[in-house]
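The next block holds one structure in the form of structure tokens; read it before the comments.
A, B, ... follow the sequence lines: proteins, then strands. Residue 1 opens every chain.
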Amino acid sequence: MKFASSYEPGEYESDIYGAWEVSDIFAPSTPTVPVDNNGDGKDDRDNKNTYSIVMPPPNANGNLHIGHGLTIALEDSLTRYYRLKGKSTWYIPGADHAGFETWVVYERNLEKQGHTRFEYDRNELYARVWDFVAEQRGNMELQLRALGASCSWNDLTFTLDENVIDRVYTTFEKMWNDGMIYRGEKLVNFCPKHQTAFADIEVEHKDEKGTLWDIAYTYDGGEIIVSTTRPETLFGDAAVAVNPEDKRYKDLIGKTVHLPLANKEIPIIADEHADPEYGTGAVKITPAHDFDDFEVGERHNLERIKVIAENGTMINVPEKYYGLTTAECRKQVLKDLKAADLFRGEKQLVHSVAHCYKCGTVLEPMLKEQWFVDVEKLASVAIKHLEKNEIKFHPANKQKVLINYLKNLKDWNISRQIPWGIAIPMFRRVTDAATDEPDWIFDRRTHLKEIEVAGVKYVRDEDTFDTWFSSSHWPIVCTNWTEDNFNPYYPLNVMETGADILFAWVARMIMMGLYVTGEVPFKEVYLHGLVLDAHGQKMSKSKGNVINPMDLVAKYGSDAFRLGILRGRSAGMNQAFSEQSVISGRNLCNKLWNISRLVQSIVDESSMEFENTFIEGGSEPGKARSSAETPVADHRRSRAKNELVRSSETTPSGRLLSTGVSDAPQEESISNSYSTDNMGEDWICREINDCLKQVEVSMKNYRFAEAVEVLYQTIWDKYADWFLESQKIFKNTGLLKQTLETILIALHPFAPFVTEAIWQNLSWTDGFIATAKWPNKLKFDPISAAEFESLISVVSEVRGTLQALPGTNNAKKYSLLYGNDSLVEDNLLLIRTLTKVPAINSLDGQPRGLRLALANHELYLDVPEKVVTEYKDALTEKILSVGRELDALNARMANPNYVEKAPEHLVKETKDQIKEKESLISRLKSQLELI
RNA sequence: GGAUCCAUAGCUCAGUUGGCUAGAGCGUACGAUUCACAUUCGUAAGGUCGCAGGUUCGAGCCCUGCUGGAUCCACCA
């Protein structure tokens, strides 16, 4: 026997993944480049049979975290499911240059070695980081393999690949020509440490305690007190604003005040921005260092005086303060204000402060020349398509949320001051050149510092693109969409990613997809929430509750991790995750392994019996059915494994059906490679069919947890606990093989490794399960299936009663007696096996012992009167509780509104239930009288 | 301030157009054990579905209000 007694994932997983990869089964079967066989200039590819999904690219030089683990579990389950369903699946892997993240790591390394970025020019830095990333690369990709991601590795896209840069430049050029790109001096959130600006979305606002200082700005005959949290910026003040409705200051509007500590007069202006309720109602206006003030400055045409340099030190201030850091300057200013008797008090407050999401440094609003995208057109087109429901969202409410966001979108700052990224392809005319030439020109030659066009010299802009500008092209570049290659894989079937980047990424992909291709980039969006720790806390290094997915994979196996993380998870929700759910997954894998081991041993045994009976020329009547299947299986056993690799392209299935029905037409939806000969067999077929149906519905609706749950229950509670237990008596090998294959394939999308390991170990299967065909429904006799359900309730009642009776080991002590009951009579052996009672005898004479009343069969436990008497209380309680249920039902029927208004079938159901309860009570009562 | 979501067994979660006698896993309790699996098998206990109203023959589900929690956006001189 090839099967060890337990499944050890570590022994199989890497070999299996290697075999899949070597056989190239993850590449899509429908080509991804244009095909024109008949020369009509139209693409011949079939777009009905494709399924495409792209991977949100993990950081190329990082390690996967738990969120990636969830991402892969979700995306790969979809991919594998649709592959089994016969689609040409294209799961496109990616790697992210992770502009800022990687830059931070690299710059830290530089600093450790005693260098700074300012020692090198951009090209040199880019080359150095490239090498740095190249060294690290591969780790992340190995981890994707360990998670079982069935992606098409030949199509891996790196976010700095040439075709990506090309596409980004093409879009940028188009936008430039369309007048959507402009250079603006605007306030940006600037990290003094990283020396770069951030998009609004990258800024982390934190509530912090701060101080609000009151400062007197004097004028002839008085003073006006302003409140500020940033006294050091007062040198950049261009005005003091009061609300036009504020009577206190009405007369002061238009006058000037003396700016403290500076030899300067500034005007008092009227602006809505000043809130009469807040502080003194007068506010200092610093257009160069505050977002609101910037807008006030624009309205009143105020001077923008920059007093903080990009390195965070003071400039354009009196010499005394020049070169101080903002914190030092604040101290000094406050001291000097007090000395000058202009300080009027302070109070504590909580306000939100912008921080660098990476290093935590307080961001400085900084006046900078940056490239901006005018988003008005992009957003309105996106909104139009979203409102037409061209994209289906999971969870559905995110559609509204996204539209709401797009309606309020501000222009998009796409400049970043880090070398590790895609260079902005813009060049500035050097000042001494002819004046009628444009200031800026677009040019792709960003590797050159200086270019000459029409005799005019231009120098390049040193900035790079915001990562989201390029990654918004992700579905376009991954599918190799071009203007000439309308592509059956674009739009993607689904975009799966984290709910937290709905705005940053999903919104921009939609806008960019529409702008570039005219089509939405994906048909559906599935957003997953955060993976929280077992107690619902966010995972963080500082809390020390971070779970590394690779540790769990090493400990319990990849399948266990996937099953564990999908359990109890629904779209868009932040949900807890614990090792326990992974352990459950591991247990299921082991269960399935042992199920297969048992089935294989029965098949082996039966084939030996067949050989014997064949030689003897006779057969046991009970075995005839199963033996009929055996030659086929036996014949195929001699085939070498994996001969059918690549079969997915020639035949839809990598496996052969048990009786050669593989030649049957595709529309054949009922499998008939076996016969069922007893109730448990029909029943399991019915249950498996239901299970398949539920998995299909769940997958269609992205309810992964439900799909896993129903498989778990079907495999464990139904297949193993009832069907296989009964097969220890019946041994229908044809059916065993058929049903095992079915549940293996159905579980494969979620647990790819163990199902493949089993598939490779079974004697009668061929090819890879990964390229098998999604199972057909199984044929069965519904009446017989329902009878088995009844038998289950009989067995359950026997077990329950035996447990409830006083004493231990009751199952060994007491026999069963049956009266005139065909269900029991026909299944004596089965009932005995399942209940483990020593014997089941026909009742001769008067009923005795304990009547099993719930299941409504004439069945008695042969127990002494003394034991029955002790059971009396339980019986009385049971009668009372059924009585209460009956009362509730009767009350419902007594309500004329119910009888009139409720649907007929419900009323009938209630009537039936009443009859049933009444009969149960009478049975219970007769039992009680018997005692 | 705006938006969205959540509250169901000790814990983590299901519960899809209202029909429920509210489910699962884990945990707990009790029992089993050579015969595929102790990563096992069986049995059981455990819930006025956050609170208060409303609609309905009927509400965990729909409506209103409240309480508690989460996330995002905006703003905070």
Write down the distance between CD (A:E8) and P (B:C37), rounded to a whole number of angstrom.
14 Å

Using whole Å, report how far CG of A:L588 lies from C1' of B:A36.
15 Å

What nucleic acid atoms does A:R892 come within less than 4.0 Å of, heavy atoms only: base, sugar-phosphate, or nothing?
sugar-phosphate

Has the side chain of A:R569 got a donor or acceptor atom that lies under 3.5 Å from a matching backbone atom of A:I565?
yes

With a distance cut-off below 6.0 Å to the six-membered ring centre and an angular limit of 45° from the axis, does A:R344 pair with A:W213 as a cation-pi contact?
no

Assign A:N408 to base, sugar-phosphate, or nothing according to its heavy-atom contacts below 4.0 angstrom with the strands shown.
nothing

At under 4.0 Å between heavy atoms, what does A:P395 touch on the DNA or RNA strands: base, sugar-phosphate, or nothing?
nothing

Select base, sugar-phosphate, or nothing to describe what A:K700 touches, counting heavy atoms under 4.0 Å on all strands.
nothing

For nucleotides B:U56 and B:C61, find the distance between their P atoms and express it as a whole number of Å.
16 Å

For residues A:D237 and A:Y217, is any side-chain donor paired with an opposing acceptor at under 3.5 Å?
yes

Just how far, in rounded Å, is P of B:C11 from CD1 of A:I583?
20 Å

Sugar-phosphate only, base, or nothing, as touched by A:L802 at under 4.0 Å among non-hydrogen atoms:
nothing

Any base atoms under 4.0 Å from A:E885, or only sugar-phosphate, or nothing? Heavy atoms, all strands.
base

